[in-house]
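Accompanying notes for the structure given below.
Below, each value reflects all heavy atoms present in this structure, side chains not excepted, and no hydrogens, waters or symmetry copies. In what follows, chains carry the letters A, B, and so on, assigned in the order in which the sequence lines appear, proteins first and then strands, with residues in each chain numbered from 1.
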Protein chains: 2
Amino acid sequence: MAIDHVGAGRTGRRDAILRAAADLFAARGFHGVSIEELGRAVGTSGPALYRHFPGKEALLAAMLLDISERLAADGAAHVAAAHSPEDALDRLLRGHIAFALGEPALITVHDRELGNVPEPQRRRVRRLQRGYVEQWVDVLARLRPGVSAEELRAAVHATFGLLNSTPHSAGRLPSGRMADLLLAMGRAALLASARPGG
Amino acid sequence: MAIDHVGAGRTGRRDAILRAAADLFAARGFHGVSIEELGRAVGTSGPALYRHFPGKEALLAAMLLDISERLAADGAAHVAAAHSPEDALDRLLRGHIAFALGEPALITVHDRELGNVPEPQRRRVRRLQRGYVEQWVDVLARLRPGVSAEELRAAVHATFGLLNSTPHSAGRLPSGRMADLLLAMGRAALLASARPGG
DNA sequence: GCGAGATGTTAATGACCGCTAACATGGTCG
DNA sequence: CGACCATGTTAGCGGTCATTAACATCTCGC
């Protein structure tokens with residue numbers, strides 16, 4: 001009974017709000033969800049939320065910052081643990097796939113709602129996102145020298161689109177098979193993209 | 001001077017509204033755009049919109065129906081024109097890429113805002129989308145017999161995620177190179193996914 | 001030249017929303 | 001015990017939104 005997983009425990013309210021908000025934002029968009037609704041989703045009503053966040057936009061900012069930081073940190077750890085570029089790419093792919101399959105709502109919000117984050121923190125999220133992309137680009141550049149960085153960046157973005165599409169086809173395939181499928185597709189797409197003269 | 005491309009011509013108002021709405025919805029989401037704003041974007045103000053659509057949701061419904069119909073019809077034409085499964089897949093890929101690169105706002109709205117379409121028409125959009133996916137699945141099934149339809153469907157959805165990611169990395173690469181890149185990546189991803197035992 | 005329909009305008013209405021205010025409660029610690 | 005702090009509650013305020021009402025203005029077929 002250490003942690004209350006429906007989110008109504010005496011502590012952890014803040015995290016419960018973030019989790020519920022991720023699901024709601026992913027389903028109906030930032031502007032499609034009201035404060036009252038967010039409160040009800042965690043068993044309180046409406047304005048209790050302001051005891052944990054200064055406002056609705058700040059809540060979104062906290063959510064996106066957390067996601068971006070986790071992705072960037074995990075990415076750095078994966079690259080550091082690898083002993084070859086091939087291995088690094090594999091670890092990056094597996095890590096991202098695990099995240100996308102484990103937290104489809106977070107992934108969805110992450111690439112849809114940046115525009116609603118207010119400006120001071122928006123810049124930080126962008127910087128983290130750029131850093132994460134650059135980790136992929138660096139690994140890919142070592143695997144396929146001679147391909148322009150712009151082309152590699154575009155390929156990485158496209159691969160993220162592939163991996164993040166998980167929420168749209170959720171539940172159709174068992175999670176393990178889906179992970180294998182995405183790994184095979186992602187790897188093939190990245191290597192095809194990076195083949196000079198492709 | 002046959003057609004007014006900024007959308008203020010004496011006729012074609014309806015289409016101009018749809019075009020402007022696509023850009024705005026793609027940028028800030030359905031609930032993030034007001035009627036007043038939609039009107040201003042086509043040179044009228046606010047409620048003039050109700051002379052062309054019964055309401056905001058109906059406008060979105062018309063937009064998504066049009067996109068889904070175009071995709072499904074173009075897909076059928078491409079498959080019909082092909083003389084082999086390989087050729088059909090190539091035409092499907094090129095057609096979808098051309099659409100995604102040519103109408104990034106439409107593609108974005110198409111896979112984000114279905115949840116805001118009211119129920120009678122939502123079903124029709126879903127049916128059209130399913131039909132389009134099934135065209136891809138059928139072609140792919142002929143190329144790689146023995147792979148389950150569920151797996152092929154998941155692969156097709158993931159490929160759409162790849163191709164539709166265009167708006168997120170827009171303008172970084174010249175359009176022609178981007179099209180080549182997406183074609184190579186999409187084809188590689190689909191074939192990797194369909195390899196039995198992959 | 002004139003009724004009619006299509007298309008626009010501004011003003012108003014009712015609902016909802018984000019947020020604040022004012023107040024309650026319950027546990028912690030001096 | 002009793003002040004304090006964290007965390008709730010309900011009521012209300014100001015603003016915005018989608019939609020409607022009421023009224024103008026063009027364009028045409030007659």
Side-chain angles (χ1 to χ4, degrees), chain A residues 1-4 6-22 24-25 27-64 109 113 115-121, chain B residues 1-4 6-22 24-25 27-64 109 113 115-121:
Chain A
M1 306 274 188
I3 285 183
D4 189 323
V6 293
R10 64 199 177 296
T11 184
R13 216 0 96 70
R14 192 189 137 102
D15 288 1
I17 294 173
L18 284 171
R19 224 177 356 252
L24 289 169
F25 289 165
R28 302 210 303 284
F30 180 73
H31 293 293
V33 181
S34 73
I35 296 280
E36 177 64 31
E37 218 166 349
L38 288 174
R40 208 177 318 128
V42 295
T44 77
S45 213
L49 188 143
Y50 291 89
R51 300 296 175 192
H52 304 276
F53 300 93
K56 200 189 180 190
E57 287 187 337
L59 186 159
L60 180 67
M63 191 163 91
L64 289 202
V109 173
E113 303 291 2
N116 292 118
V117 175
E119 208 11 295
Q121 298 148 306
Chain B
M1 316 259 185
I3 285 183
D4 190 323
V6 293
R10 64 199 178 295
T11 184
R13 213 5 93 71
R14 193 189 137 101
D15 287 2
I17 294 173
L18 284 172
R19 227 179 351 256
L24 289 168
F25 289 165
R28 301 211 302 284
F30 180 73
H31 293 292
V33 181
S34 73
I35 296 280
E36 176 65 31
E37 218 166 349
L38 287 174
R40 208 178 317 130
V42 296
T44 78
S45 214
L49 188 142
Y50 290 87
R51 300 297 175 191
H52 304 277
F53 300 94
K56 199 189 179 188
E57 286 187 337
L59 186 159
L60 179 67
M63 190 162 92
L64 289 203
V109 174
E113 304 291 2
N116 292 118
V117 175
E119 209 11 295
Q121 298 147 307

So, using side chain to side chain contact (heavy atoms under 4.5 Å, CB included) as the criterion, who are the partners of [X] when residues are at least two apart?
X: Ala22(B); answer: Met63(B), Ala105(B), Leu106(B)
X: Ala20(A); answer: Ala41(A), Val42(A)
X: Gln121(B); answer: Ala61(B), Leu65(B), Val117(B), Pro118(B)
X: Leu38(A); answer: Ala21(A), Leu24(A), Phe25(A), Val33(A), Leu49(A), Leu59(A)

Q) Does His52(A) make a side-chain N or O approach to OP1 or OP2 of dG8(D) shorter than 4.0 Å? A) yes
Q: Compare side-chain N and O positions of Arg13(B) against OP1 and OP2 of dG8(C) and report whether any pair is under 4.0 Å apart.
A: yes
Value in whole Å for how far the [atom2] atom of [N] lies from [atom1] of [X]:
X: Leu38(A); N: dG18(C); atom1: CG; atom2: P; answer: 8 Å
X: Leu59(A); N: dG18(C); atom1: CG; atom2: C1'; answer: 13 Å
X: Arg40(A); N: dT9(D); atom1: CZ; atom2: C1'; answer: 15 Å
X: Leu49(A); N: dT9(D); atom1: CG; atom2: P; answer: 11 Å
X: His31(A); N: dC17(C); atom1: NE2; atom2: C1'; answer: 12 Å
X: Ile17(B); N: dT7(C); atom1: CD1; atom2: C1'; answer: 11 Å

Going by the rule side-chain hydrogen bond (donor to acceptor under 3.5 Å, both in side chains), which residues pair with [X] if we only count those two or more places apart in sequence or in a different chain?
X: Ser34(A); result: none
X: Glu36(B); result: Ser45(B)
X: Arg28(B); result: Glu37(B)

Q: Would you confirm whether Glu113(B), through its side chain, and Leu60(B), through its main-chain N or O, come within 3.5 Å as a donor-acceptor pair?
A: no
Q: Mind jotting down which residue pairs meet the salt bridge (Lys or Arg N to Asp or Glu O under 4.0 Å) criterion with at least one end in residues 50-64 of chain B? Sequence neighbours excluded, please.
A: none
Between the protein and nucleotides 23-27 of chain D, list the N/O to N/O atom pairs that are separated by less than 3.5 angstrom.
none

Are there any protein N/O atoms within less than 3.5 Å of an N/O atom in nucleotides 3-5 of chain D, and if so, which ones and at what distance?
none

Q: Mind checking Gly55(B) for me? I need base, sugar-phosphate or nothing, with any heavy atom below 4.0 Å counting as a touch.
A: sugar-phosphate
Pairs: protein N or O with nucleotides 14-17 of chain D N or O, under 3.5 Å:
none

Q) Between atom CZ of Phe53(B) and atom CZ of Arg14(B), what is the distance when rounded to the nearest 0.5 Å? A) 4.0 Å
Could you list all N or O pairs between the protein and nucleotides 12-15 of chain C that sit under 3.5 Å apart?
none

